[in-house]
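In what follows, a single structure is set out as structure tokens and then discussed.
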Amino acid sequence: MLNNNIFTEDDIISTYTRSQAIEDGYLIDITANHPNEARLFKFPVAMSREVWNIIDSAANNPKTCGSHAGIIFDVLYMSIHGITKRFNESEHLFQVIIVGAGQQTTYTFKAICGPADDMTPCITILNEFED
């Protein structure tokens with residue numbers, strides 16, 4: 001069998017895993033911290049710190065009476081039903097309305113389905129300009 005990988009393990013200088021990003025706080029593990037809301041997906045879900053900050057700001061705004069659980073559910077629901085642009089089978093943009101995080105109310109986020117550290121599928125929700 002032909003090996004199409006041009007790199008060997010000796011060529012790898014550094015790696016940064018999904019679990020390290022969660023541990024460092026760059027990704028927020030929604031499946032572990034909000035399992036009721038994450039039930040919309042059969043794969044584990046995480047959000048970038050930037051998306052989480054928007055949710056947290058809205059949930060902590062006393063004028064809007066939003067909750068983390070409600071806003072997270074809205075984001076995850078709209079990641080399925082609010083698709084505005086599909087890049088391919090595993091990546092798309094979607095919009096969601098979040099009131100109370102600032103002057104902006106409509107946010108465009110990106111959903112990516114890709115491999116976790118153990119190569120099983122997982123979902124990551126990012127700001128539309130994050131990678």
Side-chain angles (χ1 to χ4, degrees):
M1 186 165 132
L2 181 63
N3 184 355
N4 291 329
N5 190 353
I6 62 172
F7 298 106
T8 67
E9 292 215 13
D10 295 334
D11 296 321
I12 297 173
I13 296 169
S14 177
T15 60
Y16 191 64
T17 66
R18 183 179 178 88
S19 57
Q20 286 173 312
I22 290 170
E23 187 178 307
D24 292 344
Y26 292 109
L27 288 178
I28 309 304
D29 188 342
I30 300 303
T31 302
N33 297 310
H34 298 275
N36 195 45
E37 292 70 37
R39 75 185 186 284
L40 290 173
F41 293 99
K42 62 181 177 180
F43 304 132
V45 181
M47 293 180 179
S48 71
R49 168 60 61 191
E50 189 171 334
V51 172
W52 178 255
N53 287 341
I54 294 167
I55 292 169
D56 194 46
S57 292
N60 288 319
N61 184 337
K63 294 179 182 177
T64 59
C65 300
S67 68
H68 285 91
I71 298 166
I72 291 166
F73 186 86
D74 289 348
V75 170
L76 296 181
Y77 181 86
M78 291 307 290
S79 74
I80 299 167
H81 299 287
I83 298 171
T84 59
K85 181 176 183 181
R86 241 182 236 288
F87 296 109
N88 53 53
E89 286 296 315
S90 62
E91 186 175 347
H92 64 263
L93 296 179
F94 66 96
Q95 290 188 321
V96 61
I97 295 172
I98 302 174
V99 178
Q103 290 186 340
Q104 182 178 349
T105 56
T106 302
Y107 292 86
T108 301
F109 296 141
K110 183 180 353 179
I112 300 173
C113 181
D117 297 343
D118 62 359
M119 300 310 284
T120 59
C122 64
I123 309 289
T124 307
I125 307 293
L126 308 155
N127 183 297
E128 69 177 309
F129 300 112
E130 290 182 293
D131 286 328

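Computation of the quantities below employed the complete heavy-atom set of this structure, encompassing side-chain atoms and omitting hydrogens, waters and symmetry-equivalent molecules.
Among all heavy-atom pairs drawn from Ile71 and Ala59, the shortest one is CD1-N, 3.6 Å. Here the shortest heavy-atom pairing between Thr15 and Gln20 reads O-OE1, 3.8 Å. Across all their heavy atoms, Ser48 and Leu126 have their closest contact at CB-CD2, 3.7 Å. Of all the heavy atoms in Thr31 and Pro44, the pair that sits closest is OG1-CA, 3.3 Å. Contact record, Ile98 with Tyr107: O-CE1, 3.6 Å, taken as the closest heavy-atom pair. Considering all non-hydrogen atoms of both residues, Ser57 and Ala101 come closest at CB-CA, 4.0 Å.
The backbone N or O of Asp56 sits less than 3.5 Å from a side-chain atom of Asn60, completing a donor-acceptor pair. With hydrogens and angles disregarded, a donor-acceptor distance shorter than 3.5 Å links the side chain of Asn61 to the backbone of Lys63.
The CG atom of Leu27 lies 10.0 Å from the OG atom of Ser19; values are rounded to the nearest 0.5 Å. One distance of note links NZ of Lys42 with CD1 of Ile123; it measures 10.0 Å at 0.5 Å rounding. For the atom pair CG (Asn53) and CE (Met47), the distance works out to 12.0 Å, reported to the nearest 0.5 Å. Remark: Ile54 CD1 to Gln104 CD distance equals 6.5 Å, nearest 0.5 Å.
Glu89 CD: 12 or fewer foreign heavy atoms inside a 6.0 Å radius. The local environment of CG in Asp118 is crowded, with over 12 non-hydrogen atoms from other residues, nucleotides or ligands closer than 6.0 Å. Within 6.0 Å of atom OH in Tyr26, 12 or fewer heavy atoms from other residues, nucleotides or ligands are found, so the atom counts as exposed in its surroundings.
The shortest side-chain heavy-atom distance between Val45 and His34 does not fall under the 4.5 Å cut-off. Side-chain contact between Val75 and Phe94: present, with at least one pair of heavy atoms (C-beta onward) separated by less than 4.5 Å. Proximity of Leu76 to Ile30: side-chain heavy atoms (C-beta onward) are separated by under 4.5 Å at one or more points. When side chains are defined from C-beta on, Phe109 does not count as touching Glu50, because their heavy atoms never get closer than 4.5 Å.
Residues forming a side chain to side chain contact (heavy atoms under 4.5 Å, CB included) with Thr108 (at least two apart in sequence, or on another chain): Leu93, Gln95, Glu128. Checked against ring pair (Phe, Tyr, Trp, His ring centres under 6.0 Å), His92 has no partners two or more places apart in sequence or in another chain.
Linking ILVMFWY residues whenever their side-chain heavy atoms come closer than 4.5 Å, directly or via other members, places Ile125 and Val96 in the same cluster. Side-chain heavy atoms closer than 4.5 Å link hydrophobic residues (I, L, V, M, F, W, Y) into clusters, and following such links, even through other members, never connects Phe43 to Ile22. Transitive grouping of hydrophobic side chains (ILVMFWY, heavy atoms separated by less than 4.5 Å) brings Ile55 and Phe73 into a common cluster. Under the 4.5 Å side-chain heavy-atom criterion for ILVMFWY residues, no single connected hydrophobic cluster contains both Phe41 and Ile83.
Exactly one of Glu91, Arg18, Lys110, Glu130 qualifies for a side-chain hydrogen bond (donor to acceptor under 3.5 Å, both in side chains) with Thr124. That residue is Arg18.
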Q: Check the pair Ile97 / Met78 against side-chain contact (heavy atoms from CB on, under 4.5 Å), numbers first and verdict last.
A: CA-CA 9 Å; Ile97 295 172; Met78 291 307 290; over 6 Å; no
